[in-house]
Amino acid sequence: MAVIQKSTEQCALLIVFAIVCGFLASLVDSVRQYNQLVCTPRMLWCTLVIATLFFLFVLLLERVLAWLNREPETYRNISRKLREIFSFRTSKKQFALIAVVLVLCWLPYLIVTYPGVIWYDTEQQLLQWNGQPNTFTDGSYLSDHHPVFDTMIFGTFLRLGAFFGSADRGLYLGCIVIELVTIAALASMILYCRHIGAGWRFCFAEMIFFAVFPFTALFSMTMVKDSLFMPFFIWFAMIFVEAVRTQGVLLKQPQFFTAFLLTALLMGLTKKTGVYIVLICCIILFFAVSAIIRKRVVAVFIVVISVFMVLMPKIVFPALRIQEGGKQEMLAVPLQQSALLVKQHENDISIQDLEAIYKILGDDVADRYQWWASDNVKGYSWDSQNDQYLGQYAIAWIHGLASHPETYIEAYVALQEAWLGIPSPTDSNAGDLVMQTYALGSDHYALPDSVELGLCFGGFKNAVQKLQETINDHIARAPIVNLLCSRAVWSTWMFVFVLYECIRRKKRHCAWLAPYVATFLFLWISPATVTIEGMRYLMITPDFLRTFGFRV
């Protein structure tokens with residue numbers, strides 16, 4: 001009876017999760033269909049259809065993972081030979097074998113994207129490093145809008161290449177280095193999965209997945225802050241998981257404690273949210289380790305706070321004339337909500353509240369509102385004089401929430417819709433809900449500031465264009481495949497799946513998922529999700545989930 005009751009409760013929980021995911025997807029469908037949040041009968045059947053898909057998704061994934069982690073009693077000849085070559089036991093040889101497989105499979109992408117893919121943000125960082133006007137500064141100083149450490153790394157490769165006669169080749173070398181570091185992180189992660197009990201099939205499938213999944217490959221060889229951040233996050237997460245599993249015994253060893261501290265610092269240096277991910281993980285780790293190890297966790301916590309909240313902003317930045325990044329990045333969601341509030345209900349807003357919003361966003365904020373991204377509303381820089389108006393703005397925002405909560409919901413759902421919405425066959429623009437890759441940045445000559453940066457090589461334009469169109473338009477948007485490539489599946493659905501498995505199995509050591517949970521939560525303050533930039537935020541989360549999350 002107890003078993004039956006437990007099974008019934010688990011099924012009921014899964015149904016609840018399925019309905020929630022279906023309902024959230026229906027909200028996105030409504031916004032996309034009517035350009036605003038409207039409750040219609042369509043939402044009901046949309047909720048039921050998506051809920052059914054999620055229910056089947058969980059059942060299928062459970063069975064696939066169970067099969068991958070099952071060790072068969074007998075092996076076929078091919079399987080036996082593969083197991084002899086790839087044992088996935090922790091060793092330098094196995095590490096090298098996995099790395100070679102990934103290098104060989106990724107090599108065609110690396111050749112086609114010569115002389116390296118760079119993004120718009122990267123171009124602005126390179127201009128800063130060269131002391132030239134850009135979106136964020138006039139060129140006379142550096143901005144920490146994007147981490148200065150990343151700017152320094154990218155700029156160093158640019159100047160190194162220019163010193164030897166080709167700035168393009170310098171950037172290409174940077175892309176190769178980032179790719180190799182990422183491959184090293186992925187190879188070590190696969191070996192670690194085997195170490196913590198993953199089945200041989202699981203590890204082999206994981207290796208093949210990383211080798212052939214085009215989104216991971218192309219993302220990992222582009223020069224952008226998120227790709228630089230990813231390998232350090234993976235290594236940090238591995239040490240964190242092992243520290244939880246051993247109740248902190250691992251951190252007694254100087255080499256692992258040093259690695260934990262260094263990866264924590266590198267996460268903060270390469271991405272702004274990395275600091276907060278580390279701090280959240282340290283708080284959770286404090287309660288997951290033995291009392292004698294807690295001092296070491298506290299030490300890491302204090303060092304990270306001291307470096308990123310005292311040393312850099314108070315000493316290093318002023319000394320080097322580096323301007324801190326603006327507050328608009330962390331306020332992207334509320335600023336977007338205020339913009340839509342003014343656009344739809346300007347006459348309902350009190351004069352005081354309207355003035356407070358205008359002081360922060362400008363009196364043309366309603367005209368600048370775009371549902372798919374907040375950049376047009378929040379801008380790229382922050383006027384320090386706006387700090388004095390933040391209190392008034394906070395009050396105005398609360399008043400808006402009380403009077404028009406539906407508007408705030410609409411603005412938020414529209415901004416985060418790629419984490420919620422499922423591609424619909426009737427939506428001709430559903431391509432922005434699926435995963436996409438960006439390779440056109442390999443055409444350095446086409447960059448607006450190519451001359452200023454000394455870039456002159458156009459790359460293999462036709463091949464790159466064909467590659468991107470094939471992946472984005474033909475593969476990712478194909479029926480059924482578009483569901484598997486949905487951004488919502490790779491973010492929200494997989495997170496809910498792991499959450500469900502945690503509750504169902506009542507694991508005591510679910511604290512090891514803290515790095516994944518923290519990165520997932522930061523997705524929900526993203527300033528854009530359906531744009532190509534949204535892929536940069538997304539790629540970090542599933543790479544963790546595809547490994548440790550499936551072992552819960």
Side-chain angles (χ1 to χ4, degrees), residues 3 6-7 10-11 14 55-102 104-105 183-213 216 234-235 237-247 249-250 484 489-490 493-513 515-516 542-552:
V3 174
K6 182 178 179 180
S7 178
Q10 292 172 357
C11 185
L14 178 57
F55 190 89
L56 296 175
F57 166 80
V58 171
L59 296 182
L60 177 62
L61 193 53
E62 283 183 334
R63 281 155 179 75
V64 170
L65 293 175
W67 181 83
L68 289 176
N69 284 296
R70 186 183 306 125
E71 296 293 346
E73 296 180 0
T74 58
Y75 308 105
R76 297 180 180 179
N77 291 335
I78 297 178
S79 177
R80 186 180 300 109
K81 291 180 180 179
L82 284 175
R83 287 170 183 268
E84 290 175 357
I85 298 173
F86 298 100
S87 67
F88 299 114
R89 301 298 180 185
T90 304
S91 67
K92 294 180 180 178
K93 179 181 178 181
Q94 289 299 307
F95 176 87
L97 282 173
I98 297 171
V100 167
V101 170
L102 296 183
L104 292 178
C105 291
I183 285 176
L186 294 176
S188 58
M189 184 168 61
I190 293 171
L191 295 180
Y192 182 67
C193 283
R194 184 62 170 168
H195 170 74
I196 63 178
W200 183 88
R201 289 170 175 167
F202 180 92
C203 295
F204 186 79
E206 185 180 23
M207 179 183 70
I208 297 302
F209 179 86
F210 285 133
V212 302
F213 195 57
T216 299
I234 291 173
W235 281 319
M238 288 170 56
I239 300 172
F240 177 91
V241 171
E242 189 64 16
V244 173
R245 293 180 72 246
T246 61
Q247 293 188 318
V249 173
L250 179 77
L484 299 177
V489 168
W490 285 104
W493 281 28
M494 287 190 176
F495 175 80
V496 176
F497 169 77
V498 171
L499 179 62
Y500 168 71
E501 293 299 315
C502 286
I503 298 174
R504 186 171 73 89
R505 302 185 186 188
K506 296 183 178 180
K507 288 285 187 179
R508 294 181 179 180
H509 300 296
C510 288
W512 67 340
L513 290 175
Y516 164 55
D543 279 333
F544 183 83
L545 176 60
R546 286 192 288 262
T547 53
F548 308 128
F550 286 159
R551 288 297 303 150
V552 174

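Throughout, numbering of the chain's residues begins at 1 and tracks the sequence.
Scanning all heavy atoms of the two residues, the minimum distance from Ser91 to Leu191 falls at O-CD1, 4.0 Å. Summarising the geometry of Ala211 relative to Cys105, their closest heavy-atom pair is O-CB, 3.4 Å, with the distance given to 0.1 Å. Between Leu513 and Cys502, the shortest heavy-atom contact is CD1-SG, 3.5 Å. The shortest non-hydrogen separation linking Phe495 to Tyr516 is CA-OH, 2.8 Å.
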Requested in this report: Take Glu501 and Arg504, measure what salt bridge (Lys or Arg N to Asp or Glu O under 4.0 Å) needs, and give me the verdict at the end.
Outcome: CA-CA 5 Å; Glu501 293 299 315; Arg504 186 171 73 89; 2.8 Å; yes
Query raised in the report: Between Met238 and His195, does a side chain to side chain contact (heavy atoms under 4.5 Å, CB included) hold up when you go through it step by step?
Result: CA-CA 11 Å; Met238 288 170 56; His195 170 74; over 6 Å; no
Query - Chi angles and distances behind the side chain to side chain contact (heavy atoms under 4.5 Å, CB included) call for Phe88, Glu206 - result: CA-CA 11 Å; Phe88 299 114; Glu206 185 180 23; over 6 Å; no
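In terms of the side-chain contact (heavy atoms from CB on, under 4.5 Å) criterion, residue partners of Ala184 (sequence neighbours excluded) are, by chain and number, Phe95, Trp235. Scanning for side-chain contact (heavy atoms from CB on, under 4.5 Å) contacts around Arg83 gives Glu71, Pro72, Tyr75, Ser79, Trp200, Arg201, with sequence neighbours left out. Here Arg89 pairs with Ser87, Arg194 under the side-chain contact (heavy atoms from CB on, under 4.5 Å) rule; sequence neighbours left out.
Side-chain atoms of Asn69 never come within 3.5 Å of backbone atoms of Ala198 as a donor-acceptor pair (strictly under, hydrogens ignored). For Gln94 (side chain) and Ile85 (main-chain N/O), a donor-acceptor pair under 3.5 Å exists by modelled atom type.
Between Leu186 and Ile234 the shortest side-chain heavy-atom distance falls below 4.5 Å. When side chains are defined from C-beta on, Val58 does not count as touching Val496, because their heavy atoms never get closer than 4.5 Å.
Taken to the nearest 0.5 Å, the CG atom of Leu56 stands 12.5 Å off from the CG atom of Leu61. Ile98 CD1 to Ile190 CD1: the interatomic distance, rounded to the nearest 0.5 Å, is 5.0 Å. With rounding to the nearest 0.5 angstrom, the CG atom of Leu97 is 8.5 Å from the CE atom of Met207. Rounded to the nearest 0.5 angstrom, Leu14 CG and Tyr500 OH are separated by 4.5 Å. Here the CZ atom belonging to Phe86 is positioned 7.0 Å from the CD1 atom belonging to Ile208, to the nearest 0.5 angstrom.
The aromatic rings of Phe497 and Phe57 lie perpendicular to each other, with more than 60° between the two planes, well past the 30° mark.
Checked for salt-bridge contact, Glu242 and Arg245 meet the test: a charged N lies under 4.0 Å from a carboxylate O.
Annotation: Tyr192 is not in aromatic contact with Trp512 [ring centroid separation under 6.0 Å not met].
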